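Data first, discussion second: the structure below is written as structure tokens.
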Amino acid sequence: MTSSLIRGRPRRGASHISVRVVHALVGGLVGVAWLVLPGMTIGGEGPVAGGAERPVAGAVAQGEVGETSAAELVLPMLALVAVVVLAAYGFLRRRRRARGRTTPGGAPVQVAEPAVAELGERARALLVEADDWVRVSREELGFVEGRVGVVGVRPDASLGAADVEPFARVLRDAEAELAVAFRMRWQYESGVAGEDAARRHVLAGIVGRAEEAGRLLDAQAAAFDRLRGLEEGLGGGLGAALAVAEARFRELAGRTAGADAALRGLGERYAPSAVAAVVGHVEQAKDRLVFATTSLNQARQRADSGENGQAAGHLRSAEGAIAQAAVFIDGIDRLAGELATAAAMVQAALTGGEVEIAGARGSPAGVGDAFVDVPPGELRARVTHADFVLAGVRETLTAGPYDPLDLLRRIVRGVEPVVAGRAGVFPAAALVCARSAVADADDVVATHRAAVGSEARTRLAEARRLLTAPAPAPTGRSPRRELADLLAADTLAQQARELAEQDVRVHGHPVDGPGEDVNGLAGAVLGGVLLGGEPDGGPPTSFGGPHTRGRRGETAPRGH
């Protein structure tokens, strides 16, 4: 019986035997021809008599010479054929080896494809990194756009909109690539064919899109540095950039006290859940501004000393911290406006809900096409549930301070199963809720970049896609379809925020203990303003992709 080990070996012996047989046959053929031909030539010769027979002998000699000449041509021909055969065989053998090269052990060497799990981890990591590249680039571009029309110390140090547009365009292109990558990731998480090849194909597409976003930004990083002109010192772009950053810093410092008062007012007017998303925003804004103060001072000092490269690094740190402080302060103001809008819509949504319920409670003919396939019993259950939800909302309204966004969500979600488009308030109410949820989640990601992973960012990207989808044409999607998309965006954004906050809790604060982070360094690292990994926080991020995002700090010792 043949051993399983023997059966499992590659059967290479036959190929070696065939090679040896061919070599032997060719060699034997050449050898036989070499031995036979001389004998044939000698055997043709005989004794030659003199006299009258000499011409005959001459004729015979001529014939022998012709036969000998023909015989002598056979050997070179055979040798030539043998050489051609051997050369062709060697060429074909080398070609087969090139196609499947072998190791010394004899096993074919194949380029190993990465495992699906390994490729999945790479895709997740690249999505997070690419999202950071785009966010940071958008921040720095915002400061450059703030310089448009602002003249520095030199009269020609101002920028125009045409100077900035190429970089805004490449950033939009990078954002588009990233949006496609996130969309592919969401579809992958929602269900992909079980075959490894299909999963690997999708993951490779995600990696490719994310890398392309980084490549686009990297390609323009050097030109962006030239546009900013920070190496020119206080007399050029550095002076103008410092002026813009310091102006924004002063504005935010002045708004901090007002934001604190506004937050206290919201807490007194609405339920605690209404302001939970922005609790602590004022303190975190102050933390970022403390770090910005230190960085701006060091940027000025370095610039005064002519160390423009180091000054540029400190300036970029300050700009990143100022941008995140603005996110915290703007979040409070935005929420105040959203709560006021939602409070004004609650009564209209209640009235609209009653209209929808009354229509659904009527005869099947009055229901319209929206519920033509819904069994009567199920429709009655939907109507009963919607009535119950509206009754609970009315009770909450009369009980005391409430959360307007929460009430609006309860109305829309409770009545949505019976919405047939009779009342147009529901898409507008769902839009208010979805926008608020997306903005809240985006604020958490933007200000805690170093901790938030791909799951939260993927859900946020999908929620943003649903939220910013083109408005339906008059003959396009039904009101129910539009409403369903807005509700899905709202749900995904809330999930994204919860996942992001969970990531932050797991990550923890970079500096533990009271009084340890007096200069805001830990907040800058947690927020991704600094790349981390070093006691001084590491270099600051900047416009660009994976090869250029930390270039501002290469020559900028921090000294915090």
Side-chain angles (χ1 to χ4, degrees), residues 113-138 170-218 434-435 437-470 484-504 506-507 528 541 544-546 549:
E113 293 184 343
V116 172
E118 178 184 348
L119 194 56
E121 288 297 327
R122 175 165 171 75
R124 280 191 289 268
L126 266 177
L127 279 176
V128 172
E129 293 175 6
D131 193 36
D132 285 349
W133 303 333
V134 169
R135 288 178 179 274
V136 170
S137 298
R138 174 64 67 187
V170 75
L171 183 56
R172 289 192 297 268
D173 292 341
E175 288 172 338
E177 292 288 340
L178 180 60
V180 174
F182 271 123
R183 177 64 176 156
M184 294 173 69
R185 181 69 198 185
W186 174 248
Q187 292 174 333
Y188 179 86
E189 292 181 358
S190 300
V192 179
E195 294 82 1
D196 283 354
R199 297 168 67 86
R200 188 179 289 108
H201 178 73
V202 176
L203 292 172
I206 296 171
V207 169
R209 293 284 186 171
E211 289 178 341
E212 177 63 11
R215 188 197 66 78
L216 289 171
L217 295 173
D218 277 336
R435 281 178 175 170
V438 168
D440 287 344
D442 192 72
D443 286 355
V444 176
V445 176
T447 55
H448 301 82
R449 290 193 297 259
V452 180
S454 64
E455 288 78 9
R457 299 180 194 233
T458 300
R459 281 160 177 75
L460 175 58
E462 180 63 13
R464 188 183 293 113
R465 186 190 70 83
L466 292 171
L467 182 61
T468 58
D485 285 349
L486 291 173
L487 290 176
D490 185 33
T491 300
L492 287 170
Q494 292 184 77
Q495 293 175 356
R497 183 172 177 270
E498 291 171 359
L499 288 170
E501 291 176 340
Q502 179 180 335
D503 288 341
V504 174
V506 171
H507 184 274
T541 54
R549 66 185 307 239

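Worth saying up front: this structure is predicted, and the values here are computed from it rather than measured. The basis for the numbers below is simple: all heavy atoms, side chains too, and nothing from hydrogens, waters or symmetry mates.
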Between Gly214 and Pro546, what is the shortest heavy-atom contact and its length? CA-CD, 3.8 Å
What are the two closest non-hydrogen atoms of Gly545 and Asp218, and how far apart are they? N-OD1, 2.7 Å
Rounded to the nearest 0.5 Å, the CG atom of Leu467 sits from the CG atom of Leu492 at a distance of 11.0 Å
Reference residue Arg183; test salt bridge (charged side-chain N to carboxylate O under 4.0 Å, His left out); the match among Glu189, Glu177, Glu462: Glu462
In terms of side-chain geometry, is the basic nitrogen of Arg209 or Glu212 positioned less than 4.0 Å from the acidic oxygen of its partner? no
Does the side chain of Gln494 come within less than 4.5 Å of Asp490's, by heavy atoms? yes
Looking at His507 and Asp503, would you say the former's side chain and the latter's main chain have a donor-acceptor pair under 3.5 Å? no
Nearest heavy-atom neighbours spanning Gly120 and Arg185: O-NH1, 4.0 Å
Side chain proximity check, Arg200 to Leu203, heavy atoms < 4.5 angstrom: no
Atom of Ala463, atom of Ala489 and distance for their closest heavy-atom approach: CB-O, 3.4 Å
Taking Glu129 first and then Arg549, would you say they form a salt bridge - that is, a charged N and a carboxylate O separated by under 4.0 Å? no
Salt-bridge present (Arg124, Glu121; N to O < 4.0 Å): yes
Would you give the length of the straight line joining atom CG of Asp440 to atom CZ of Arg435, rounded to the nearest 0.5 angstrom? 14.0 Å
Of all heavy-atom pairs between Ala123 and Ile206, which one has the smallest distance, and what is that distance? CB-CG2, 4.0 Å
Considering all heavy atoms, the nearest Leu217-Ser137 contact: CD1-OG, 3.8 Å
With Asp442, the salt bridge (charged side-chain N to carboxylate O under 4.0 Å, His left out) member among Arg497, Arg459, Arg135: Arg135
Answer yes or no: is there a side-chain heavy-atom contact under 4.5 Å between Leu460 and Val438? yes
My understanding is that only one of Leu178, Leu499, Val452, Leu127 makes a side chain to side chain contact (heavy atoms under 4.5 Å, CB included) with Arg457; could you say which? Val452
Is the backbone N or O of Phe182 less than 3.5 Å from a side-chain atom of Thr458, with the two atoms forming a donor-acceptor pair by type? no
Side chains of Asp132 and Thr541: closer than 4.5 Å at any heavy-atom pair? no
